[in-house]
Amino acid sequence: MTTPQYLSKLDHYINGAWVQPTSGKGQDVVNPATNQPIGKLGFASKADLDAAVKAADAGFKTWRKVSAFERAKILRKAADLVRARADQIATALTFEQGKILGEAKLEVMGSADVIDWFADEGRRAYGRIIPARADGVRNMVIMEPVGPVAGFSPWNFPVLQATRKISAALAAGCSIIVKCPEETPGSPIEFVKCFEEAGVPDGVINLLYGVPAEISEYLIAHPSIRKISFTGSVPVGKQLASLAGLHMKRATMELGGHAPVMVFDDADTDSAANLMAFLKYRNAGQVCVSPTRFFVQEKAYDKFVAKFVDLAKAVKVGDGFDPASKMGPLANPRRVNAMESIILDAKEKGARIETGGSRIGNAGNFFEPTVLTGVPQNARIMSEEPFGPVAVMMPFKDTDAMLEQANSLPFGLASYAFTKDAKTAAKLTDSIDAGMLTINHFGIALPETPFGGIKDSGYGHEGGIEGLNAYLQTKFVSHLA
Ligand code: NAD
């Protein structure tokens, strides 16, 4: 086996050229498994941002004239290149983000599927004809690309989260400036190269890195930018949504979650525990749809918790490149501190740690898969998104009271349920305050289905036809021939 290598150079992509930014500032890229630097990333200057906006403006003028049919061909070619280079892209991803290589490859292959889906959906950006009130009049609704987009994507899925924005924007005929995460710049670079080589014209995609607040403030305010798409935390989302409002820009906000899992007495508790433990510890829990608050009906509670704890104990934590590892390190030392503090708070308020609860070793950001029980309502973890490998188990008796608690947080992203009873499933479908509910299996986050939240979890969607519509604007034309 060849020793994996990280990228030797971390360039920005502006107007079809790979360039070094000109601010003179930057930061080290660090391997979360060792906390050793593996690369140097430069930050964009104001002149670089200006160049990117100019390029996106020109790129939009070119790209919107390319037919949806031709755009789809180019995008499909990019998807094929992503698949062909999955190993290379996934290697960069594991190096800089920490997730196990198998998960990194799944992320990359899943991203290729997202590109394919949007490539085709762009060909179905249908308008409509509305019956007119007078003879000879045609009332037409035409869907047009909204214009140059500014996308801000996070470090938990550096490739997938960038893909959702880039693919949908390009399929709709928009150009995009995407600010990918400074902590994980290499995999988006490798990924964007596939679009370049597939024939996406200069200026249509621009990729840069820098001081996040400086870039977002500049781009959101810029008159050329017509649409914002952000994935990240609720506080930053609220800040960027206000800015977008101030400048009358359309926005999609994919923010945090605190997913409830509702396990009923009649469920197959073993298979529910297997699936949920897998999803909880995937990407070390740094997933906005990660299952976190487990409401388990009384009769099933002991069995479910015992099984889940066994599964948590069996997760082998280690370097993402070690084939034996089932969970890598947390992406950065901030997450380790956040885990320690939120777990200590729960413990001090009376929670029991059934397993885990501590960091592992002192090199790298490794943390134990953790299960808490007996957590009081006033513990921070009951209302703050842990964004890490921690699950909270709670027994419940009455469905209505449980639902009230499940719906009590300002978050409303993903939710999970396990029951064989159709009436219970229908009640949950009608009553859960969430953007997504998946019952008896994991069925969310596919390219063809809408992905998005309600309440503080944000607004807008990144999959399904909704994901494409986010980049289209409506023009109504009434024509008397
Ligand atoms: P953070 O709030 O500092 O940053 C979150 C993301 O927003 C990062 O990618 C960051 O680069 C970006 N960001 C921060 N300030 C910005 C600004 N002014 N303009 C544009 N982008 C900006 O938090 P963090 O420590 O990086 O991540 C931890 C928290 O973020 C977690 O608690 C989680 O809730 C949230 N998060 C959510 C997702 C998601 O998929 N929804 C992904 C990553 C992080």
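Below, each value reflects all heavy atoms present in this structure, side chains not excepted, and no hydrogens, waters or symmetry copies. Numbering of ligands and ligand atoms starts at 1, following listing order. In this chain, residues are counted from 1 in sequence order. All values reported here derive from a predicted model rather than from experimental measurement.
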Number the atoms of ligand 1 from 1 as they appear, then name those within less than 4.0 Å of a heavy atom of [X], with their elements.
X	answer
Gln161	40 (O)
Thr231	39 (C), 40 (O), 41 (N)
Glu254	41 (N)
Leu240	19 (N), 20 (C)

Taken to the nearest 0.5 Å, the spacing of Phe367 CZ from Arg335 CZ works out to 11.0 Å
So OG1 of Thr252 and CZ of Phe230: to nearest 0.5 Å the spacing works out to 12.5 Å
Which residue and non-hydrogen atom of the protein lie closest to [atom], and at what distance in Å?
atom	answer
atom 9 (O) of ligand 1	Pro154 CA, 3.5 Å
atom 18 (N) of ligand 1	Ala213 CA, 3.3 Å
atom 41 (N) of ligand 1	Leu255 O, 3.2 Å
atom 12 (C) of ligand 1	Phe230 CE1, 4.1 Å
atom 10 (C) of ligand 1	Pro212 CG, 4.7 Å
atom 3 (O) of ligand 1	Val236 CG2, 4.6 Å
atom 27 (O) of ligand 1	Trp155 CZ2, 3.4 Å
atom 19 (N) of ligand 1	Ser216 OG, 2.7 Å

Closest heavy-atom approach to atom 4 (O) of ligand 1 among Ser153, Gly256, Gly453, Ser233 is made by Ser233
Ranking Arg335, Arg334, Glu385 by closest non-hydrogen atom to atom 28 (C) of ligand 1, top hit is Arg335
Ring center gap for [X] and [Y] short of 6.0 angstrom:
X	Y	answer
Phe294	Phe308	yes
Trp155	Phe387	yes
Phe321	Phe95	yes

Tested for side-chain contact (heavy atoms from CB on, under 4.5 Å) against Leu413, the lone hit among Asp456, Leu255, Val289 is Val289
The side-chain hydrogen bond (donor to acceptor under 3.5 Å, both in side chains) partner of Gln97 among Asn283, Thr184, Asn31 is Asn283
Pair Ser187, Glu96: side-chain N/O donor-acceptor within cut-off below 3.5 Å
yes
Handout entry: Residues Ser271 and Asn274: side-chain donor-acceptor under 3.5 angstrom
Key = no
Is there at least one protein heavy-atom neighbour under 4.0 Å from atom 37 (C) of ligand 1? yes
Taking the side chain as C-beta and beyond, is there a heavy-atom pair between Glu121 and Ile465 under 4.5 Å? yes
